[in-house]
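Notes follow the structure.
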There are 2 protein chains.
Amino acid sequence: MSLRMALLGLLVTKGPTNGYALTRTFADSLSHVWSAQHSQVYPELARLAETGLVTVQDEGPRGQKRYTVTDAGRDALRHWLTEVEPNRTVRNENALRAFLLPTLDREDAARLVRKEAEYYQRRTEEITRQRDMLRDPQSTGFGVYAAELGVRISSAIADWAEWAEARLEAERARGNGG
Amino acid sequence: MSLRMALLGLLVTKGPTNGYALTRTFADSLSHVWSAQHSQVYPELARLAETGLVTVQDEGPRGQKRYTVTDAGRDALRHWLTEVEPNRTVRNENALRAFLLPTLDREDAARLVRKEAEYYQRRTEEITRQRDMLRDPQSTGFGVYAAELGVRISSAIADWAEWAEARLEAERARGNGG
DNA sequence: GGATACATGTAATGAGTTACATGATTCC
DNA sequence: GGAATCATGTAACTCATTACATGTATCC
C-alpha cells in the first residue's frame with residue numbers, strides 16, 4: 001500500500017512522469033523516506049493503471065510511458081493519508097543491532113558504535129544540506145517536512161551513538177561486563 | 001537475516017526459550033525494535049535448528065520446545081554484528097506521510113500532524129518509562145541501549161510533529177498554499 | 001465445566017530483492 | 001562505433017502478514 005501511495009504522491013507533486021524517473025527519485029531525493037527498485041515500480045504502475053488510479057498520458061521515445069494521476073488516484077491518496085491508520089510496525093535494523101550490542105565484548109561493541117556514529121554524522125550533514133535548500137519559509141516545496149524529519153531522526157541516532165560510546169567507556173572504566 | 005539474528009540474540013540473552021515466549025518478547029519489550037508474528041518465528045526456529053545454529057534443548061508440556069543457541073549460533077551472531085555491513089534501506093511510513101503532507105489541504109494536514117504529535121508523545125513516555133527501569137549505570141542489562149535509542153527517535157518524531165504543526169500554522173497565517 | 005492463556009504449526013497472499021533480459025538514444 | 005544512460009519488463013526467491021487449524025494446561 002505504501003509504495004502505491006508513494007507513487008501516487010510523486011505523480012501528484014511532479015506531474016506526468018515515467019517509471020524510470022520515479023525509480024530515480026526513490027534512489028535520490030526520497031532515499032531517506034522510502035525506497036523501491038525499478039522491478040517493483042513498473043509492475044506497481046501497471047496495477048495502478050489497471051485500477052484506474054493513474055493513466056498512461058503519452059508514450060515517448062525508447063518505449064517511455066508517462067503516467068498521470070487520475071481524480072480517483074487523488075481521492076485514494078487523500079483517503080489513505082487522512083483515514084487509514086498508519087502502520088506503526090517497527091523493524092529497525094539499527095535498533096536491533098543496538099539491542100544486541102551487549103552480546104558483544106567491549107572492544108567489538110565500541111568499534112560498532114563508533115562506526116555508527118560516523119555514518120549518521122555524515123548522513124545528518126547530507127540531509128541537512130538537502131533540507132537547507134528547501135527551508136525557505138516562503139517555500140511550500142515538497143520534501144521540506146520529510147527532510148526536516150530526516151535530519152531530526154538521523155541526528156538523534158548520531159547522538160545516541162555518541163552516548164553509547166561514552167557509556168561503554170564508563171563501563172570499561174568500572175571494569176564491568178564484557 | 002535480521003529476524004534470524006534477533007532470535008539468536010534473544011536466545012543468547014534469555015537462555016533456553018520456546019517460540020511462544022520469543023513471539024511474546026517481540027510483541028512486548030522488543031516492539032519498538034523489531035517485530036515478528038508467531039507464523040514467522042516457528043518456521044525460522046526450525047530453519048535455525050536445521051542449520052545447527054540452535055538446538056532443541058528439551059520438550060515440555062503442551063508440545064513446548066525450548067531452544068538453545070549453539071557455539072555456531074554465537075559465532076554467526078557475532079559475525080553479523082561485527083562484519084556484515086548494516087542494511088541502511090529506509091522504508092519509513094511516517095516519513096512518507098510527512099513527505100506527502102503538502103498534497104493535503106491545510107486542515108487535513110494539520111489534523112494529521114496533530115494526531116502524530118499525540119501518538120509519539122504517548123509513545124515517548126511509554127518507552128521512557130521502560131528505559132528508566134533499565135537505566136541504572138550499574139546495569140549491563142539488555143535493552144538499555146535499544147531503549148535509549150527508542151526514546152531518542154520517538155521524541156525526535158514528536159518534536160518534528162510539533163514543528164510541522166507550527167509551520168503549517170505559519171503558512172496559514174501568511175495565507176500561503178492550500 | 002468453561003474461559004483464558006499456552007503452545008505449535010501450515011497456507012495463501014502480498015511486499016521486496018536480486019538477477020536475468022532486451023532494446024533505444026545520446027554523448028564522445 | 002563504443003560507452004553510458006535511458007527505458008521497460010520478467011522470474012526466482014526471500015521476507016512478512018493474515019487467516020486457518022489444532023490441541024493442552026491452568027484458573028475460577
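To find a chain, count down the sequence lines: A is the first, B the second, and so on, and within it residues start at 1. Keep in mind the model is a prediction, meaning the values are calculated, not measured.
Contacts between residues 39-47 of chain B and DNA chain D, defined by a heavy-atom separation below 4.0 Å, involve B:S39, B:Q40, listed by number. Of the residues in residues 56-66 of chain B, B:R62, B:G63, B:Q64, B:K65 come within less than 4.0 Å of DNA chain C through at least one heavy atom, sorted by number. Less than 4.0 Å separates DNA chain C from no heavy atom of any residue of residues 80-96 of chain A. For DNA chain D, no neighbouring residue in residues 7-26 of chain B is found when judged by any heavy atom under 4.0 Å.
In this structure A:D108 satisfies the side chain to side chain donor-acceptor pair (under 3.5 Å) test together with A:R111, B:R78, sequence neighbours excluded. Under the rule for a salt bridge (charged side-chain N to carboxylate O under 4.0 Å, His left out), B:E59 has no partner lying at least two apart in sequence or in another chain. Every residue meeting the side chain to side chain contact (heavy atoms under 4.5 Å, CB included) condition with B:T51, not counting sequence neighbours, appears here in chain and number order: B:L53. For A:R123, there are no salt bridge (charged side-chain N to carboxylate O under 4.0 Å, His left out) partners two or more places apart in sequence or in a different chain.
Annotation: cation-pi geometry satisfied between A:R97 and B:W80 (NZ/CZ under 6.0 angstrom from ring centroid, within 45° of ring axis).
Residues in residues 143-153 of chain A take part in these salt bridge (Lys or Arg N to Asp or Glu O under 4.0 Å) pairs, two or more places apart or across chains: A:R131-A:E148, A:E148-A:R152.
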Using side-chain contact (heavy atoms from CB on, under 4.5 Å), reason through A:T17 and A:Y67 one step at a time and then give a plain yes or no. CA-CA 5 Å; A:T17 316; A:Y67 290 89; over 6 Å; no
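The side-chain contact (heavy atoms from CB on, under 4.5 Å) test with B:L100 singles out one residue from A:L81, A:L8, A:V12, and that residue is A:L81. Paired with B:E118 under the rule side chain to side chain donor-acceptor pair (under 3.5 Å), one option of B:R122, B:R114, B:Q121, B:K115 passes, and it is B:R114.
Taking the charged nitrogens against the carboxylate oxygens, A:R47 and A:E44 do have a contact shorter than 4.0 Å, which makes a salt bridge.
Judged by distance alone, the side chain of A:T70 and the main-chain N or O of A:G52 form a donor-acceptor pair under 3.5 Å. Looking only at distances, a side-chain donor or acceptor of A:W160 sits under 3.5 Å from a matching main-chain atom of B:Y145.
Nearest-nucleotide assignment on DNA chain C puts the 5′-proximal partner with B:Y67, out of B:Y67 and A:H38.
A:M1 has its CE atom 11 Å from the P atom of C:dG14, to the nearest Å.
B:S154 and B:T124 make their closest contact through OG-OG1, 2.9 Å (heavy atoms, listed as atom of the first residue, atom of the second, distance).
The bend of the helix from C:dG1-D:dC28 to C:dC28-D:dG1, defined by the angle between the axes of its first five and last five pairs, stands at 30° to the nearest 10°.
By the criterion of side-chain heavy atoms lying less than 4.5 angstrom apart, applied directly or through intervening Ile, Leu, Val, Met, Phe, Trp or Tyr residues, A:L149 is not grouped with A:V90; the two fall into different hydrophobic clusters. Criterion: ILVMFWY side-chain heavy atoms under 4.5 Å apart, direct or through other members. Under it, A:I153 and B:L101 are part of a common hydrophobic cluster. Taking hydrophobic clusters as Ile, Leu, Val, Met, Phe, Trp and Tyr residues chained together by side-chain heavy-atom distances below 4.5 Å, B:L7 does not share a cluster with B:Y20.
Contacts between chain B and DNA chain D, taken as any atom within less than 4.0 angstrom of a protein heavy atom, begin and end at D:dC15 to D:dT26.
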Just list the side-chain donor-acceptor pairs under 3.5 Å for residues 28-39 of chain B, sequence neighbours left out, or say none.
residue, atom, partner, partner atom, Å
B:S31, OG, B:D28, O, 3.2
B:S35, OG, A:R91, NH2, 3.2

